[in-house]
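Atoms considered below: every heavy atom in the structure, side chains included; atoms not considered: hydrogens, waters and symmetry mates. The model shown is predicted, which means the values in this text are computed figures rather than measured ones.
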Amino acid sequence: MKMEKNESYLNRGMDLKRLMLYLQKRIWLVVVLAIFGATCGGVIYQVLRSVKMPVEYEAVSKLYISFGHDESGEVYQYYNGYTWNDLLDTDPILDFVMQDLPGYERDAVREATTAEILSDIRLLTVRVRGEDEKFVREVMSALESGLREYARDSEELDQIKAIRSGVPERVYWDDRTMSACVTGAVLLGVLSLLVIGFIYALDESIYVQEDIEKKYNCRALGILTRNQKGLQPYARELRANIRYALGEQKRFAILDMADHADTRRLELERLLDREGLEAYGSEQEEDDFGWNIPKEEESFVKTSEWDILAFNQNGLSEAECRQIREAGGVILLLPFGTDTGRKTARILSFLKNQDCQVLGMVIAQADEEFLNRYFA
């Protein structure tokens with residue numbers, strides 16, 4: 001019997017239904033990590049906003065322009081936003097502005113000021129931005145004064161007067177805390193899903209009989225669930241398969257890969273030897289059947305017609321192998337949802353070298369809820 005992983009198992013596709021059930025058990029972790037990511041995103045953004053955001057002040061003033069008349073009596077109306085932005089950088093206006101700003105550099109004043117016409121060509125919006133509140137206030141005052149002086153000396157303009165003088169105000173970044181929280185939640189949520197998916201892709205745990213057949217090319221006899229209530233298909237199928245595999249033989253060995261062989265032996269005896277219940281004086285129906293092992297375990301064992309030798313994988317030696325050969329074979333019990341692939345491969349190799357017949361494998365301590373949803 002070929003026990004190592006066969007080619008079809010190595011090239012197997014992804015079972016989407018099993019993947020969804022696998023994620024369902026861990027979705028709480030994704031939610032927790034998403035909430036943690038949202039919290040981290042918001043906190044990090046607020047820290048960066050308070051630490052990295054430069055300290056800047058801005059003052060905005062509105063000025064009203066009265067245009068002069070040309071020789072024909074027409075009003076000059078060719079000033080626009082680009083014209084004013086260029087005019088502020090020219091010497092005629094800067095000369096007026098710098099008269100009120102002793103000690104400041106012309107280039108610094110030029111870089112700090114902008115002007116634009118938003119809609120009405122008679123309304124000029126002037127902005128001054130800088131790192132010092134005093135600088136912004138003094139430049140704005142000098143700019144308004146300089147524009148008034150420039151208008152008086154310009155034939156195209158009648159006058160410029162301030163209709164709203166702005167005061168320096170701290171410039172803040174837009175508050176995007178919610179966006180940062182959403183981004184953090186999405187990033188950590190997606191990352192956790194990718195990690196869980198990667199772990200699932202590497203997971204070689206046993207969940208259903210098909211996993212045994214593909215991975216070990218061995219007979220899958222059935223499933224022992226954690227809380228057996230009634231002889232539902234899993235228990236009925238397991239009992240039928242073991243009885244068929246053994247025929248008239250009532251003696252065999254079990255090898256538990258999770259090292260709970262004695263408990264599994266009692267469960268199998270209780271399942272296989274239904275007469276043991278009547279010998280106990282119980283008239284339970286099949287629907288009341290469960291894994292509640294009677295307290296008088298020794299009496300129960302004595303009344304059983306099955307002789308089951310129980311071994312744990314960590315205690316297997318030459319003497320145990322001799323008993324397995326005398327019993328006619330061994331059934332391996334693989335824990336549900338636990339990756340024991342390497343240990344199982346080692347044990348199978350040891351049993352093969354000892355000429356111990358492997359009658360089949362059983363999945364132990366299976367999750368009934370998982371099975372019911374998977375086989376639904």
Side-chain angles (χ1 to χ4, degrees), residues 1-6 8-9 12 204-226 228 231-274 291 304-313 316 320-367 371 374-375:
M1 180 182 296
K2 185 180 180 182
M3 295 300 180
E4 64 273 10
K5 302 174 188 176
N6 53 37
S8 64
Y9 176 78
R12 70 193 186 281
E204 295 188 359
S205 302
I206 299 299
Y207 292 92
V208 292
Q209 296 101 310
E210 185 181 9
D211 296 334
I212 294 176
E213 295 169 350
K214 288 184 176 181
K215 186 173 183 178
Y216 299 108
N217 194 24
C218 183
R219 176 184 291 180
L221 296 177
I223 302 173
L224 275 173
T225 58
R226 295 174 184 172
Q228 193 66 260
L231 292 182
Q232 63 257 70
Y234 315 121
R236 289 198 299 267
E237 292 171 4
L238 176 60
R239 184 173 66 172
N241 286 336
I242 292 179
R243 287 184 171 182
Y244 180 78
L246 295 176
E248 297 299 325
Q249 184 178 346
K250 300 293 183 179
R251 189 168 187 263
F252 65 96
I254 61 171
L255 179 62
D256 186 29
M257 300 303 299
D259 295 330
H260 299 291
D262 291 334
T263 302
R264 301 290 89 82
R265 174 178 60 83
L266 293 174
E267 291 175 355
L268 286 174
E269 286 180 347
R270 187 168 174 79
L271 175 66
L272 293 172
D273 190 3
R274 294 293 293 157
W291 290 147
S304 174
E305 65 177 354
W306 293 86
D307 184 10
I308 302 178
L309 305 178
F311 304 105
N312 292 316
Q313 59 88 20
L316 199 60
E320 282 74 19
C321 290
R322 181 167 54 252
Q323 296 180 54
I324 291 175
R325 289 192 296 269
E326 293 173 355
V330 63
I331 295 176
L332 267 65
L333 302 179
L334 308 182
F336 174 87
T338 302
D339 186 3
T340 58
R342 292 176 178 81
K343 291 193 298 183
T344 303
R346 188 195 77 237
I347 292 298
L348 288 174
S349 177
F350 181 65
L351 292 174
K352 181 179 179 181
N353 291 331
Q354 290 290 319
D355 291 327
C356 296
Q357 182 182 4
V358 177
L359 302 174
M361 295 182 177
V362 173
I363 302 174
Q365 288 293 287
D367 186 349
L371 297 175
Y374 181 84
F375 291 112

Asker: Report the distance from atom CD1 of I206 to atom NZ of K215, rounding to the nearest 0.5 Å.
Answerer: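 That separation rounds to 5.0 Å.
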Asker: Is the backbone N or O of G328 less than 3.5 Å from a side-chain atom of R251, with the two atoms forming a donor-acceptor pair by type?
Answerer: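 Not a single qualifying donor-acceptor pair exists.
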Asker: Crowded around F375 CZ? As in, over 12 foreign heavy atoms under 6.0 Å?
Answerer: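 Atom CZ in F375 is crowded, with more than 12 foreign heavy atoms closer than 6.0 Å.
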Asker: Closest heavy-atom contact between C218 and M361?
Answerer: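 Shortest heavy-atom contact: SG-CG, 4.0 Å.
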Asker: Look at the side chain of Q249 and the backbone N and O of A327, then say whether any donor-acceptor pair between them is shorter than 3.5 Å.
Answerer: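 Yes, Q249 side chain to A327 backbone: donor-acceptor pair under 3.5 Å.
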Asker: Measure the acute angle between the ring planes of F336 and Y207, then classify it against the limits of 30° and 60° as parallel, tilted or perpendicular.
Answerer: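 Rings of F336 and Y207: perpendicular, over 60°.
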Asker: Is it the case that the side chain of N312 and the backbone of H260 share a donor-acceptor pair, with hydrogens and angles ignored and the cut-off at 3.5 Å?
Answerer: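 Yes.
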Asker: Quick one: does R219's side chain have a donor or acceptor within less than 3.5 Å of a partner on N241's backbone?
Answerer: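 Answer holds: no.
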Asker: If you round to the nearest 0.5 Å, how far is CD of E326 from SG of C321?
Answerer: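 So the gap between those two atoms works out to 11.5 Å.
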Asker: Kindly indicate, with the supporting measurements, whether the criterion side-chain contact (heavy atoms from CB on, under 4.5 Å) is fulfilled by R226 and D367.
Answerer: CA-CA 6 Å; R226 295 174 184 172; D367 186 349; 4.2 Å; yes
Asker: In Å and rounded to the nearest 0.5 Å, what is the CG to CD1 distance from L334 to I347?
Answerer: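 Between atom CG of L334 and atom CD1 of I347 there are 11.0 Å.
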Asker: What is the minimum heavy-atom distance between L238 and I223, and which atoms define it?
Answerer: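 Smallest interatomic distance, heavy atoms only, reads CD2-O, 3.6 Å.
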Asker: Can a donor-acceptor pair be found, under 3.5 Å and without considering hydrogens, that links the side chain of Q357 to the backbone of L359?
Answerer: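 Looks like no, no N/O pair under 3.5 Å.
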Asker: Would you indicate whether the side-chain heavy atoms of L316 and L351 approach each other to under 4.5 Å?
Answerer: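 Yes; the side chains approach each other to less than 4.5 Å.
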Asker: Pick one: which of L255, V330, I254 meets side chain to side chain contact (heavy atoms under 4.5 Å, CB included) with F311?
Answerer: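 Running side chain to side chain contact (heavy atoms under 4.5 Å, CB included) over L255, V330, I254 with F311 returns exactly one hit, L255.
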Asker: CG/L268 to CG/L221 distance, rounded to the nearest 0.5 angstrom?
Answerer: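 Here the interatomic distance stands at 10.0 Å.
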Asker: Got W306 and R265 here, is their nearest side-chain heavy-atom distance under 4.5 Å?
Answerer: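 With C-beta onward as the side chain, the pair stays apart.
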Asker: Quick one: closest heavy-atom pair of Q354 and R325, and the distance?
Answerer: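 Taking every non-hydrogen atom into account, O-NH1, 2.8 Å.
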Asker: Report yes or no: does D211 contribute a side-chain atom to a donor-acceptor pair with the main-chain N or O of V208 at less than 3.5 Å?
Answerer: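 The answer is yes, because a donor-acceptor pair under 3.5 Å joins these two groups.
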Asker: How long is the span from the CD1 atom in I363 to the CG atom in L371, to the nearest 0.5 Å?
Answerer: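 Those atoms lie 7.5 Å apart.
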Asker: Which of these, D256, D259, V362, sits in a side chain to side chain contact (heavy atoms under 4.5 Å, CB included) with R264?
Answerer: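 In the set D256, D259, V362, the residue that makes a side chain to side chain contact (heavy atoms under 4.5 Å, CB included) with R264 is D256.
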Asker: Salt bridge check: are R270 and E267 linked by an N-O gap of less than 4.0 Å?
Answerer: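 Looking at R270 and E267, the cut-off is not met.
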Asker: What's the spacing between T344 OG1 and M257 CE if we round to 0.5 Å?
Answerer: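 Taking OG1 in T344 and CE in M257, the distance rounds to 4.0 Å.
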